[in-house]
*Asks:* 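The structure's right below; bear with me while I get my questions together.
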Amino acid sequence: MRRHGKGAQGPRAVALWLALAGSLGSGAGCRRAVTFDQADIDRHPMLAGAPPGFLLGVATSAHQIEGGHRNDWTEWEKGSYPDGTPHVKGGATTERAADSWNLWPKDVAAAATLGANVYRLGVEWSRLEPAEGQWDAGAAERYREMLQALRAVRPHPIEPMLNLWHFTLPPWIVARGGWEWDGAPAAFAAFASRAAAAFGDLVDWWCPLNEPNVYVTKSYMAGQWPPGVKDPKRAARALGNLLRAHARAAAALRASDRADADGDGRATRIGLAHNVIVFDPASGGPLDRLIARYSDRFYNHDIPDSIAAGRIKLSLPTVVSVDEAEPELAGSLDWLGLNYYTRRVVASRLFGDRGPTGAPYEVVEDPARPHNDLGWEIYPEGLYRMLVRFREYPWPLIVTESGVADRAGTVRPGFIRAHVYALDRARAEGVNVIGYMHWSLIDNFEWSHGYEGRFGLFTIDFAGDPTLERRPTPAVATFQDLARNLGLLPSR
Ligand code: BGC
């Protein structure tokens with residue numbers, strides 16, 4: 001076992017444990033023992049018996065692929081930490097990224113090659129509304145061309161799922177305090193309303209927000225993303241406003257998009273892409289179990305619980321406690337998206353050095369387990385565990401992201417098979433999973449890792465190929481097998 005960072009469990013730990021144990025209940029860090037057998041995965045008919053209309057596709061985000069933005073990330077990309085280390089690995093920027101703003105027909109063609117019937121893509125708020133209330137009709141027109149091109153793919157259209165916010169903010173919002181600004185939810189709802197008016201006749205599947213939990217963890221707790229803050233109280237404030245923004249945007253979309261783009265009788269299907277991580281305790285000791293359990297609760301459950309209850313309830317014991325009614329949240333979701341990548345086996349460092357990210361735990365890695373290029377454990381069983389757990393919520397589930405940083409492209413085919421097996425196993429147990437989207441369609445800007453994390457089914461040579469050709473990796477064939485099994489591509 002390899003441990004990251006330092007941990008300590010001093011005598012004060014006992015008192016805190018006693019104080020918290022009551023509020024957390026029993027079964028801290030409960031682990032649902034399950035281990036997949038590779039032979040089962042190998043002989044499994046992927047997605048067999050998936051319900052009609054199952055969404056099979058890919059995902060990207062605007063800032064990671066488009067290039068040419070002016071937002072908080074383009075500022076952050078130019079900066080560095082006090083010790084001189086650039087905010088982004090190697091000082092990489094998104095000046096051009098994958099140039100999808102110009103090369104989007106290549107992306108549509110790539111998605112069509114895969115046999116996908118859905119593409120979750122983003123629009124960039126700072127591009128469409130560069131100043132408050134100012135709408136860029138030319139930019140909206142280009143997004144409309146992309147959406148029309150997706151719908152025009154044959155033999156079957158590619159349904160767009162439109163993401164309105166994926167981590168980046170226009171400078172005018174940042175100037176007022178970003179997500180900490182209490183006017184941000186209303187500003188976002190106004191943006192959603194205009195997006196509905198501009199794109200509603202082409203879009204039914206809406207995803208207002210991507211991963212508020214990842215955002216506040218990185219931007220307000222670890223200080224690794226803009227605005228580079230390490231303050232749990234400010235994190236809670238930003239998260240509260242993100243939840244309000246989701247609720248108001250959902251209402252605005254329902255009010256402004258009355259056009260049923262795919263003719264199934266429903267003009268809007270609104271969801272949230274929510275990141276989930278399996279937290280398992282590194283030992284049977286009470287503090288490890290405690291930290292696993294409350295990380296799980298805060299990170300995985302506070303957001304969906306708040307939405308289901310119509311109350312913003314956020315809890316990081318001793319640090320953050322929010323409980324406020326927000327009735328508009330209840331009923332704001334038609335589906336819940338899970339973005340699943342990895343698990344963390346955690347050891348408490350509640351009372352020791354918090355390390356550079358300020359996390360109250362250290363991640364204990366087992367070198368015998370497989371890891372991706374960014375060092376994240378590959379753990380397909382975790383997707384099954386999460387799907388089974390999330391059946392308790394009242395919404396159909398969609399895997400809105402699943403993917404692997406794998407520059408060589410050799411791990412991804414097996415990764416897809418194992419994760420689809422996980423999804424199918426959950427479905428076989430009655431979990432209502434209605435879609436799977438692979439992250440990502442193409443290699444892209446991987447936030448603070450720059451261009452080091454390669455997640456694309458299609459790879460791009462950013463440094464050496466000025467045409468930024470999208471070249472298929474071996475996993476394209478794996479994905480096409482999924483499409484074939486759903487009848488989206490002709491069988492061989
Ligand atoms: C994010 C993506 C990111 C991916 C891989 C997800 O949490 O939504 O933007 O590229 O993880 O790190």
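If you're wondering where the values come from, they're calculated on a predicted model, not measured in any experiment. Read the numbers this way: they start at 1 and go in the same order the structure lists the ligands and their atoms.
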*Asks:* Apply ring-ring contact (aromatic ring centres under 6.0 Å, His included) to residues Tyr341 and Trp439 and explain how you reach the verdict.
*Replies:* CA-CA 10 Å; Tyr341 288 87; Trp439 182 274; 7.4 Å; no

*Asks:* Ligand 1 versus Asn444, non-hydrogen atoms closer than 4.0 Å: side chain, backbone, both, neither?
*Replies:*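 Near ligand 1, Asn444 shows nothing, with every heavy atom at 4.0 Å or more.
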
*Asks:* So which protein heavy atom does atom 6 (C) of ligand 1 come closest to, and at what separation?
*Replies:*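 Nearest protein contact, heavy atoms only, for atom 6 (C) of ligand 1 is Glu401 OE1, 3.0 Å.
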
*Asks:* Are the aromatic ring centres of Phe191 and Trp165 under 6.0 angstrom apart?
*Replies:*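 No: the rings miss the under 6.0 Å criterion.
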
*Asks:* Among side-chain atoms of Arg96 and Asn102, is any donor-acceptor pair under 3.5 angstrom?
*Replies:*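 The criterion, which ignores hydrogens and geometry beyond distance, is not satisfied for Asn102 and Arg96.
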
*Asks:* Looking just at side-chain N and O atoms, do Asn213 and Asp302 make a donor-acceptor pair shorter than 3.5 Å?
*Replies:*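 No donor-acceptor contact under 3.5 Å links the two side chains.
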
*Asks:* Establish, from distance only, whether the side-chain atoms of Arg127 and Thr168 form a donor-acceptor pair under 3.5 Å.
*Replies:*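 Judged by distance alone, the side chains do not pair up.
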
*Asks:* Specify the protein heavy atom at minimum distance from atom 10 (O) of ligand 1: its residue, its atom name, and the distance to 0.1 Å.
*Replies:*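 Ranking protein heavy atoms by distance from atom 10 (O) of ligand 1, first comes Glu446 OE1, 2.7 Å.
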
*Asks:* Classify the contact between Phe445 and ligand 1 as side chain, backbone, both or neither, using a heavy-atom distance cut-off of under 4.0 Å.
*Replies:*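 None of Phe445 does.
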
*Asks:* Counting both backbone and side chain atoms, is some N or O of Trp376 under 3.5 Å from an N or O of ligand 1?
*Replies:*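 Such a contact does not occur with ligand 1.
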
*Asks:* When you measure from atom 4 (C) of ligand 1 to every protein heavy atom, which one gives the shortest distance, and what is it?
*Replies:*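 Residue, atom and distance for the closest contact: Tyr341 OH, 3.3 Å.
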
*Asks:* Any idea which atoms of ligand 1 are less than 4.0 Å away from a heavy-atom of His166?
*Replies:*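 In order of numbering, the contacting atoms are 1 (C), 2 (C), 8 (O), 9 (O).
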
*Asks:* Between Ser306 and Glu326, does any side-chain donor sit less than 3.5 Å from a side-chain acceptor?
*Replies:*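 Checked: Ser306/Glu326 side chains show no N/O donor-acceptor pair below 3.5 Å.
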
*Asks:* Should you measure from each heavy atom of Gln64, which atoms of ligand 1 turn up under 4.0 Å away?
*Replies:*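 What qualifies from ligand 1 is 2 (C), 3 (C), 9 (O), 10 (O).
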
*Asks:* Enumerate the atoms of ligand 1 whose separation from the nearest heavy atom of Asn210 is less than 4.0 angstrom.
*Replies:*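 With Asn210 as reference, the close atoms of ligand 1 come out as 8 (O).
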
*Asks:* Please determine, by modelled atom types, if His246 and Ser332 share a side-chain donor-acceptor pair under 3.5 angstrom.
*Replies:*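 Judged by distance alone, the side chains do pair up.
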
*Asks:* Please report whether the ring centroid of His274 lies less than 6.0 Å from that of Tyr299.
*Replies:*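 Tyr299 vs His274: aromatic centres not under 6.0 Å.
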
*Asks:* Assess His449 for proximity to ligand 1: is some non-hydrogen atom of it under 4.0 Å away?
*Replies:*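 No, His449 has no heavy atoms under 4.0 Å from ligand 1.
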
*Asks:* Show which atoms of ligand 1 fall inside a sub-4.0 Å distance from at least one heavy-atom site of Glu211.
*Replies:*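 The atoms of ligand 1 under 4.0 Å from a heavy atom of Glu211 are 1 (C), 6 (C), 7 (O), 8 (O).
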
*Asks:* Does any N or O of ligand 1 fall below 3.5 Å from an N or O anywhere on Ser61, backbone included?
*Replies:*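 There is no such contact.
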
*Asks:* Could you check whether Tyr294 and Ser315, counting side-chain N and O atoms only, form a donor-acceptor pair closer than 3.5 Å?
*Replies:*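 No, Tyr294 and Ser315 have no side-chain donor paired with an acceptor closer than 3.5 Å.
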
*Asks:* Checking contacts here: is it the side chain or the backbone of Asn275 that comes within 4.0 Å of ligand 1, counting heavy atoms only? Could be both or neither.
*Replies:*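 Near ligand 1, Asn275 shows its side chain, while the N, CA, C and O stay back.
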
